[in-house]
Number of protein chains: 2
Amino acid sequence: MARVGIRDVAALAGVAVGTVSHYLNHPDRVSHEKALRIRSAIDTLGFVPSSAGRQLRLGISTVVGYLAPDVSNPYFAEIAESIERRASELGMSVLLANSHRDREREDHYLQMFEEYRVRGLIVSSHQAIEERLAGVRQRGTPSVLVGQAARSPEQVSVSLDDVDGGRQVVQHLLDLGHRRIAFIGGPLAIPQVADRLAGASAAIESWGTASLEVIAQADRTIAGGRDVGRILAARPADVRPEAVFAANDLLALGIMHEFVAAGLRIPQDIAVAGYDDIEFAASSLISLTSVQGRHAGYGFAVVDMLTEVMAGHPIAEAHRVFTPELVVRESTVGRG
Amino acid sequence: MARVGIRDVAALAGVAVGTVSHYLNHPDRVSHEKALRIRSAIDTLGFVPSSAGRQLRLGISTVVGYLAPDVSNPYFAEIAESIERRASELGMSVLLANSHRDREREDHYLQMFEEYRVRGLIVSSHQAIEERLAGVRQRGTPSVLVGQAARSPEQVSVSLDDVDGGRQVVQHLLDLGHRRIAFIGGPLAIPQVADRLAGASAAIESWGTASLEVIAQADRTIAGGRDVGRILAARPADVRPEAVFAANDLLALGIMHEFVAAGLRIPQDIAVAGYDDIEFAASSLISLTSVQGRHAGYGFAVVDMLTEVMAGHPIAEAHRVFTPELVVRESTVGRG
DNA sequence: CAATCTCTTTGAGACGTTTCAATTTGGGAT
DNA sequence: ATCCCAAATTGAAACGTCTCAAAGAGATTG
């Protein structure tokens, strides 16, 4: 099953290889008659041009890579989808790689994308990855960092003001009258988590009479949330927080599940707020108060910045920071 | 920023290009001293081998593609993840493409994977895609169809017995005493949907005294479920189904949300069952009865079958069909 | 000391494509 | 009949890599 190449097509159609290539890339330069012969040769042979050959010659591709920590978190899946949609409008294809939050795999896929000479890279990560991306960029592959603001002016990024988001959530809980508040999340080495906590702390401090308990839970998944939820639900009411703020929606959903299973009423007995505003937050049976980041423009902004930077244009605003928006739902204010 | 190639490395290290290539691929064949020089040259130059060059020479790659209809459906995200995990154990990389249920985009990515000469393809699709895959296979790219059983003996597939799954769900609802049952889903052109309905119908018929109302909803998402849920909740109780069986969990979750919002009690007023058993089904505040397909081995089976077929081995069992398992939860039997 | 043998190193050639400069063709103007 | 021009076609060269056959350099053996 020897792969069929452009030469075979040319031979069968009785034309030169250059003509076949022209047919493929500049159809207007080839006569109708030969076009037909070539088309039929391609069909009978089942010719599929080799991207390796083309790329070798051209030196570039039309593919961009999206490296996500965890596609099974709907948050990233939703970002992936909006990126994909925008990219396809611009005639580009998106290849998705799932690092599974693993540093090594992240590195591996980054390397692979480089070897593939993707045109550009979109990277969501919980790691300190900026230095690595600087290397990649220097070697010719530009990238947009998504989800954490870059430090370096060279590294383009699109992110959310997580400090402000955390502040908004806790401010909201304080406004509702809660004073014993818990923050669930970790590890603090992750910028996104640290920022959300920082905002939460700031709100607490400026209020004065409230307290913030920090409960470490590095496993920011539904399962992780359930673990925490079980523990909290088991506490006697007077030492149980009046409200919990989870570092992301998955945690919050897991926590809520255990609260409800334990017979606690949300939000009367305990209020819950999440972060990211994934679709499942809005659709939970007790809809979840959360922080909406990527309003419509997020995926677009990412891809558009990437195209700018791929084109070599200087970026006016290298670090685009969106302001998050608190979405208040039943899990904090009850059925409206 | 001219790309640095293997020649540049060779020049800087003062060796022949062949030696550099050996260093990369057969490190044991090159002396320690030159290995060091080459390593340092690679580092200072920031050399990253071009996969295009390599692939052109070798004709094969170590990448497999996974084409999913919709990564933002956790069902596919979970499959993607298990595939990725297994593939990486076997030293392969997975590239994910999201067709967004769009026939055209599906075609586009399939073509792209072919041009990239991926080693093999894993395809989840709601379309009749077998013929297309036959073409792809004939041209040298093997594939495993996931989620629908293939018709052709040449097309390897891993799937679930959806007829049996549908039957189990409805049998369960009948056993609980429900007689007016509704099936939500569509379009019937989709094999998975049609099979689930077929199983449901079979169970109803063999029972005799029960009725099955089919409510078409092609948008099998949470939003789609909410639309249906609103309509059903608005019906007077005597024409409202006693139980609904949704073609997938997203639909079911959306439906439940509206039922609860309308004040209906689940399962006392109306029972709900879904299909796929995504994590959010188990974690819903009223946990959702669903059908578990891909128990542990699913992703493994897929990748292992793909490696077999990539190796050119004949497959003993070309169409592997897993038997689904009903997972009974609160949405049908109430709090246990 | 010659003859082998092993371990390294070398450079050419091929993979499939696109582009570019050069050539052919056909038709209209002179 | 000749010339010219545009349009269509051609073939060679180059992209970056790996492998293969061959050669070089020591080391070991007879």
Side-chain angles (χ1 to χ4, degrees), chain A residues 1-39 41-42 45-63 111-112 114-118 139-141, chain B residues 1-39 41-42 45-63 111-112 114-118 139-141:
Chain A
M1 181 146 29
R3 282 287 191 178
V4 12
I6 202 173
R7 308 166 129 85
D8 306 297
V9 174
L12 179 57
V15 300
V17 296
T19 310
V20 177
S21 178
H22 278 151
Y23 169 77
L24 259 24
N25 304 291
H26 311 277
D28 48 311
R29 289 192 207 155
V30 32
S31 71
H32 187 61
E33 181 238 357
K34 303 222 163 177
L36 287 179
R37 297 219 314 261
I38 294 173
R39 165 110 301 261
I42 288 179
L45 259 37
F47 166 72
V48 176
S50 151
S51 106
R54 169 182 299 138
Q55 200 171 134
L56 192 50
R57 182 64 230 267
L58 298 171
I60 59 143
S61 78
T62 159
V63 174
Q111 165 98 18
M112 191 178 94
E114 264 196 281
E115 294 185 356
Y116 262 68
R117 302 284 189 266
V118 295
R139 276 174 243 123
T141 307
Chain B
M1 181 145 32
R3 281 289 192 178
V4 11
I6 203 174
R7 310 165 127 85
D8 305 298
V9 174
L12 179 58
V15 300
V17 296
T19 311
V20 177
S21 178
H22 278 153
Y23 169 79
L24 260 24
N25 304 292
H26 311 276
D28 48 311
R29 289 192 205 156
V30 31
S31 71
H32 188 60
E33 181 237 358
K34 302 222 165 177
L36 288 179
R37 296 222 311 265
I38 293 173
R39 164 112 303 264
I42 287 180
L45 259 38
F47 166 73
V48 176
S50 150
S51 105
R54 169 181 297 138
Q55 201 171 134
L56 194 50
R57 182 64 231 266
L58 299 174
I60 58 139
S61 79
T62 159
V63 175
Q111 165 99 16
M112 192 178 92
E114 264 196 280
E115 294 185 358
Y116 263 66
R117 301 286 188 265
V118 296
R139 276 172 242 125
T141 307

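In what follows, chains carry the letters A, B, and so on, assigned in the order in which the sequence lines appear, proteins first and then strands, with residues in each chain numbered from 1.
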Peer 1: As an exercise, state the distance from OH of Y23(B) to CZ of R39(B), rounded to the nearest 0.5 Å.
Peer 2: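 Y23(B) atom OH to R39(B) atom CZ measures 3.5 Å (nearest 0.5 Å).
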
Peer 1: Choosing from dA12(D), dT10(C), dC18(D), which nucleotide comes nearest the side chain of V17(A)?
Peer 2: dA12(D)

Peer 1: Would you indicate, yes or no, if dT10(C) has its OP1 or OP2 atom less than 4.0 angstrom from a side-chain nitrogen or oxygen of T19(B)?
Peer 2: yes

Peer 1: Using whole Å, what does the distance between atom P of nucleotide dA8(D) and atom CG of D28(A) come to?
Peer 2: 9 Å

Peer 1: Just checking L58(A): base, sugar-phosphate only, or nothing, at a heavy-atom cut-off of under 4.0 Å?
Peer 2: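 Here L58(A) touches the backbone only, sparing every base.
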
Peer 1: Closest nucleotide of DNA chain D for H32(A) versus for R7(A): which of these residues is on the 5' side?
Peer 2: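 Its nucleotide being nearer the 5' end, the pick is H32(A).
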
Peer 1: Nearest whole angstrom, please: distance from the C1' of dA7(D) to the CD of E33(A).
Peer 2: 15 Å

Peer 1: Please answer whether the main-chain N or O of R139(A) pairs with a side-chain N or O of R3(B) as donor and acceptor at a distance below 3.5 Å.
Peer 2: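 Present.
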
Peer 1: Check whether N25(A) reaches the backbone of S21(A) with its side chain - one donor and one acceptor, N or O, closer than 3.5 Å.
Peer 2: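 Side chain of N25(A) to backbone of S21(A), a donor-acceptor pair under 3.5 Å: yes, one is there.
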
Peer 1: Starting at the 5' end of DNA chain C and moving along, which residue's nearest nucleotide shows up first, G5(A) or R29(B)?
Peer 2: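 In this pair, the answer is R29(B).
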
Peer 1: Do side-chain atoms of S61(B) reach the backbone of R117(B) as a donor and acceptor pair under 3.5 angstrom?
Peer 2: yes

Peer 1: Assign S50(B) to base, sugar-phosphate, or nothing according to its heavy-atom contacts below 4.0 angstrom with the strands shown.
Peer 2: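 Since only primed, P, OP1 and OP2 atoms lie under 4.0 Å of S50(B), the category is sugar-phosphate.
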
Peer 1: Under 4.0 Å between a side-chain N/O of R54(A) and OP1 or OP2 of dT18(C), yes or no?
Peer 2: yes

Peer 1: Quick one: is S31(B) getting a side-chain N or O under 4.0 Å of the dT9(C) phosphate, OP1 or OP2?
Peer 2: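 True: S31(B) side-chain N/O within range (under 4.0 Å) of dT9(C) OP1/OP2.
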
Peer 1: Between dT18(C), dT9(C), dA14(C), which nucleotide has the shortest distance from any of its atoms to the side chain of R57(B)?
Peer 2: dA14(C)

Peer 1: Could you tell me how far apart Y23(B) (OH) and dT17(D) (P) are, to the nearest whole angstrom?
Peer 2: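 Value for this atom pair: 15 Å.
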
Peer 1: Nearest to the side chain of L56(B), heavy atoms from C-beta on, is which of dA14(C), dT19(C), dG16(C)?
Peer 2: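 Closest nucleotide to the L56(B) side chain: dG16(C).
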
Peer 1: For H26(B) and dC18(D), give me the distance from atom NE2 to atom P, rounded to whole Å.
Peer 2: 9 Å

Peer 1: Between L24(A) (CG) and dG16(C) (P), how many Å, whole number?
Peer 2: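 Value for this atom pair: 15 Å.
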
Peer 1: Mind calculating the distance between CD1 (I38(B)) and C1' (dT9(C)) to the nearest angstrom?
Peer 2: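 These atoms are roughly 10 Å apart.
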
Peer 1: Check whether any side-chain N or O of H22(A) sits under 4.0 Å from OP1 or OP2 of dT10(D), and answer yes or no.
Peer 2: no

Peer 1: To the nearest 0.5 Å, tell me how far I6(B) CD1 sits from L24(B) CG.
Peer 2: 6.0 Å

Peer 1: Atom CD1 of I42(A) and atom P of dT17(C): how far apart are they, to the nearest Å?
Peer 2: 10 Å

Peer 1: When the distance from NZ of K34(B) to P of dT9(C) is rounded to whole Å, what number comes out?
Peer 2: 5 Å

